[in-house]
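All values derive from a computational prediction rather than experimental measurement. Throughout, protein chains are lettered first and strands after them, A, B, ... in sequence-line order, and every chain is numbered starting at 1.
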Protein chains: 2
Amino acid sequence: MEEFASVSGISRPTISKYFNDPNSVRQSTRARIEEALDRHDYRPNIYAINQNRRLTKNIGIVVPYSTDPFFAEIARYIERQCVEAGFSPTLLSPHGQVELENEIMETLRSMKPAGVLFAPLGRASDKAELERFCKDVPTVLFDSNVENVGRALVASDNEHFTSQMVDYLCRTGAPPVLFEMSTPPNPNSNKRRNGYLGAMRHLGHEPHVISVPGEGWNFEEIGYREGLRVLSAPPEGRSILCSNDRLAIGLLAAAYELGLSVGHGAEADLRVAGMDDHPFSRFTCPPLTTISQDYAAISEKGVELLLDAIDTDAPAGSARTDILFEGRLVMRKSA
Amino acid sequence: MEEFASVSGISRPTISKYFNDPNSVRQSTRARIEEALDRHDYRPNIYAINQNRRLTKNIGIVVPYSTDPFFAEIARYIERQCVEAGFSPTLLSPHGQVELENEIMETLRSMKPAGVLFAPLGRASDKAELERFCKDVPTVLFDSNVENVGRALVASDNEHFTSQMVDYLCRTGAPPVLFEMSTPPNPNSNKRRNGYLGAMRHLGHEPHVISVPGEGWNFEEIGYREGLRVLSAPPEGRSILCSNDRLAIGLLAAAYELGLSVGHGAEADLRVAGMDDHPFSRFTCPPLTTISQDYAAISEKGVELLLDAIDTDAPAGSARTDILFEGRLVMRKSA
DNA sequence: CGCCAACATTTACGCGCGTAAAATTTTTAT
DNA sequence: ATAAAAATTTTACGCGCGTAAATGTTGGCG
């Protein structure tokens with residue numbers, strides 16, 4: 001930088017200022033710097049920068065399972081938002097393992113990020129550790145809630161998701177049963193079950209929940225395996241609402257294998273609906289009726305709230321900002 | 001570190017040595033350090049470390065499309081391998097855009113990584129830029145080849161993939177047509193086409209390639225849209241080999257919509273096969289017959305070759321190590 | 001017991017940059 | 001034109017660590 005300062009005829013502190021914010025120097029100075037810049041292609045050393053800045057320009061993004069297309073997609077949105085805001089996002093994922101989630105928090109600490117967007121594992125998360133982390137680093141939770149942790153929460157209104165879908169299914173046919181995991185790794189499932197129970201009762205129907213066994217994040221596999229079992233004697237009403245699209249994808253595969261036709265036509269054996277608008281649900285057989293989450297809105301709001309949190313110190317004890325997004329019913333052929 | 005050195009009763013340079021390699025200090029010293037460590041939970045500042053080390057312990061991983069479950073999955077394997085070898089992996093993805101691929105190379109340069117595992121965009125890649133990058137940073141290509149770039153290549157034997165599948169399909173029914181994109185974003189498609197052509201001729205059949213239009217990485221969408229068109233008059237022989245699983249997933253959705261039954265039974269209208277063993281292909285309707293890539297083997301070998309490349313300087317002009325993995329035929333119900 | 005090698009310590013410097021304070025120059029407003 | 005404001009330069013220090021060289025210490029060996 002010293003060298004570059006001399007060849008560009010400008011002092012080093014000014015160059016430093018320029019790289020922190022090109023608009024903080026005079027227009028003519030900026031032009032001179034940028035001219036010198038493409039003659040010598042100098043780039044400041046990020047490590048030296050980050051060592052000396054108390055706050056780096058890094059933003060951590062944590063998703064529970066990066067190979068899940070849903071999380072991959074939303075992470076992609078968030079990354080773009082961060083870059084546009086002038087930050088460097090880093091994506092980390094514990095792949096469903098608590099120990100890795102804790103390791104990730106350690107890694108993040110040493111990255112001294114300006115802020116973190118965190119989609120926790122949920123049920124499995126080490127809440128004490130998470131709470132301690134959020135005390136030190138401005139963190140916005142997304143997708144999945146952990147009570148009283150973080151500066152804000154941006155998620156879907158999962159209760160409303162199910163009630164929306166239950167409304168639709170009841171309006172167009174028999175009341176649905178709920179197909180879910182008995183020990184879901186993610187707390188959203190519980191909200192969805194509550195939404196289902198409430199909506200069914202509100203409409204005067206008796207709720208019926210099918211809780212299937214299964215551990216971990218292999219939702220399609222669980223949906224398929226348990227689907228084979230459950231569908232050998234399809235539930236009365238023959239309308240099935242799956243707790244999420246990935247379970248539905250497995251269930252559809254099971255229905256297909258059993259020779260059951262799925263759809264909303266009179267001739268169909270079964271109606272199946274999911275939730276999340278998983279990227280693949282457009283290509284299932286038949287295409288899956290579902291509730292779509294607004295990826296763009298969630299990620300935008302999440303980043304916006306994080307940037308707020310970053311430049312306003314946490315007023316200790318102040319209430320967390322919680323924002324829930326409603327879903328959009330996507331009617332396809334499965335229900 | 002100064003502080004920690006004094007409370008632990010050991011000199012700072014020795015502490016520094018310890019963090020670079022705990023085995024480089026005497027056993028008794030190591031014990032004393034580690035004892036002090038859990039009393040004061042000190043952690044060295046990575047930015048200061050990386051500034052002073054000529055080579056960081058970072059490894060860059062680049063995949064063309066991180067939301068594609070195939071790449072997400074292989075990236076996950078690679079990340080794990082890197083961590084086990086004591087490195088810090090960073091996953092980056094251009095999401096199909098060349099400009100972003102070039103930006104990523106810039107980002108990587110400033111990260112001063114020990115090495116990079118790079119799955120290039122392929123056809124779209126800026127080859128000159130990529131070549132320059134690989135001159136400066138030890139890089140191992142994977143998945144997709146760019147001629148004479150990088151220190152090694154670890155990929156699937158794509159020609160063999162198709163010939164393997166063609167053999168199978170011909171042995172069990174009519175010779176297949178090849179369903180592919182006319183302008184695939186990835187060069188592997190060309191290898192696969194060549195494999196198809198060669199295998200068909202070798203078996204004495206006339207090859208028949210259906211090249212459908214479509215841009216970008218929305219393979220399912222293209223497979224679906226063009227599938228609807230192509231399957232309105234199914235090709236003779238009614239055996240279709242798709243250039244990759246994602247196209248096949250779209251094609252299966254189209255077949256389903258058109259009421260065509262897919263399978264290898266006598267009563268089926270169509271046989272469909274894919275390639276890659278996409279995580280979702282077990283749950284298509286019917287489950288997709290495909291060629292599986294060995295994720296674990298590819299990632300292991302890739303990391304191994306990169307570590308080699310890292311501690312042996314590139315003998316200028318020396319030949320690149322190319323390793324191709326054979327696929328395994330996965331027989332499911334679609335063909 | 002004394003010697004040698006391996007390991008630790010002391011001392012010292014430098015990495016590339018942020019940043020503060022004071023002095024100076026340039027720009028803007030009056 | 002002149003004063004005030006804004007931007008820049010000069011000077012100087014520190015961040016937290018790697019690393020080299022010289023010196024000191026330890027433990028095992030004959």
Side-chain angles (χ1 to χ4, degrees), chain A residues 1-37 40-58 86-88 106-107 109-114 310-311, chain B residues 1-37 40-58 86-88 106-114 136 310-311:
Chain A
M1 190 180 258
E2 201 87 50
E3 278 184 56
F4 177 72
S6 57
V7 294
S8 64
I10 294 184
S11 73
R12 194 179 67 73
T14 304
I15 303 282
S16 172
K17 240 185 127 190
Y18 166 82
F19 279 109
N20 282 326
D21 178 8
N23 289 316
S24 65
V25 302
R26 201 188 295 149
Q27 212 41 241
S28 60
T29 311
R30 177 173 177 173
R32 283 169 63 201
I33 293 177
E34 286 174 349
E35 179 202 351
L37 215 47
H40 296 82
D41 82 305
Y42 155 82
R43 325 193 38 177
N45 179 311
I46 32 170
Y47 298 116
I49 292 177
N50 285 335
Q51 176 179 15
N52 295 308
R53 256 210 285 257
R54 57 170 47 202
L55 218 71
T56 69
K57 277 286 192 176
N58 296 331
F87 288 83
S88 301
E106 284 302 296
T107 305
R109 274 181 207 279
S110 65
M111 276 178 49
K112 301 186 198 310
I310 287 174
D311 46 39
Chain B
M1 189 181 259
E2 202 88 45
E3 278 184 57
F4 177 73
S6 56
V7 294
S8 64
I10 295 185
S11 73
R12 196 181 64 73
T14 303
I15 304 281
S16 171
K17 241 184 126 189
Y18 166 82
F19 279 109
N20 282 327
D21 178 9
N23 289 317
S24 66
V25 302
R26 199 189 298 149
Q27 212 42 239
S28 61
T29 311
R30 177 173 176 174
R32 285 170 60 203
I33 293 177
E34 287 173 348
E35 180 202 349
L37 214 49
H40 297 83
D41 82 305
Y42 156 82
R43 324 192 38 174
N45 177 311
I46 32 168
Y47 299 117
I49 293 177
N50 285 333
Q51 175 180 17
N52 294 309
R53 257 210 283 259
R54 56 169 51 200
L55 219 70
T56 69
K57 278 285 193 177
N58 296 330
F87 289 84
S88 301
E106 285 302 297
T107 305
L108 283 172
R109 274 181 206 280
S110 65
M111 277 178 51
K112 303 186 196 308
D136 302 338
I310 287 173
D311 46 38

J.: Answer with base, sugar-phosphate or nothing: what part of the nucleic acid does B:N50 contact at a heavy-atom distance below 4.0 Å?
T.: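 If one applies the 4.0 Å heavy-atom cut-off, B:N50 turns out to touch nothing in the nucleic acid.
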J.: Select base, sugar-phosphate, or nothing to describe what A:Y42 touches, counting heavy atoms under 4.0 Å on all strands.
T.: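 Counting heavy atoms under 4.0 Å across all strands, the contact made by A:Y42 is with sugar-phosphate only.
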J.: For a quick test of reading the model: is some side-chain N or O of A:N52 closer than 4.0 Å to OP1 or OP2 of D:dG16?
T.: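 For D:dG16, OP1/OP2 do not have a side-chain N/O of A:N52 under 4.0 Å.
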J.: Under 4.0 Å between a side-chain N/O of A:S16 and OP1 or OP2 of C:dG18, yes or no?
T.: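 Result: yes.
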J.: Any side-chain heavy atom of A:R30 sitting closer than 4.5 Å to one from A:N23?
T.: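 In short, these two side chains touch, coming nearer than 4.5 Å.
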J.: For B:E106, is there any backbone N or O sitting under 3.5 Å from a side-chain donor or acceptor partner on A:R43?
T.: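 The answer is yes, because a donor-acceptor pair under 3.5 Å joins these two groups.
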J.: For a quick test of reading the model: is some side-chain N or O of A:T29 closer than 4.0 Å to OP1 or OP2 of D:dT8?
T.: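 Yes, such a contact exists.
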J.: Can you work out whether B:G9 or B:R12 has the more 5'-proximal nearest nucleotide on DNA chain C?
T.: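 Upstream on the strand: B:G9.
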J.: In the structure I gave you, are the side-chain heavy atoms of B:V7 and B:Y42 within less than 4.5 Å of one another anywhere?
T.: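 Result no, sub-4.5 Å side-chain heavy-atom pair not found.
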J.: When all nucleic acid strands are considered with a 4.0 Å heavy-atom cut-off, which category describes B:P13: base, sugar-phosphate, or nothing?
T.: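 Answer is base: heavy atoms of B:P13 come under 4.0 Å of a base.
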J.: Which nucleotide in the list D:dT19, C:dC15, D:dT9 gets nearest to the side chain of A:T14?
T.: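 Within the option list, the nearest is D:dT9.
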J.: Could you tell me the separation between the CG atom of A:N20 and the CD1 atom of A:I49, rounded to the nearest 0.5 Å?
T.: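 Taking CG in A:N20 and CD1 in A:I49, the distance rounds to 7.0 Å.
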J.: Taking five pairs at each end of the helix from C:dC1-D:dG30 to C:dT30-D:dA1, what angle separates the two helix axes (nearest 10°)?
T.: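 Here the local axes at opposite ends form an angle of 0°.
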J.: Whole angstroms only, please: what is the OH-P distance between B:Y18 and D:dT19?
T.: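 Between P of D:dT19 and OH of B:Y18: 18 Å.
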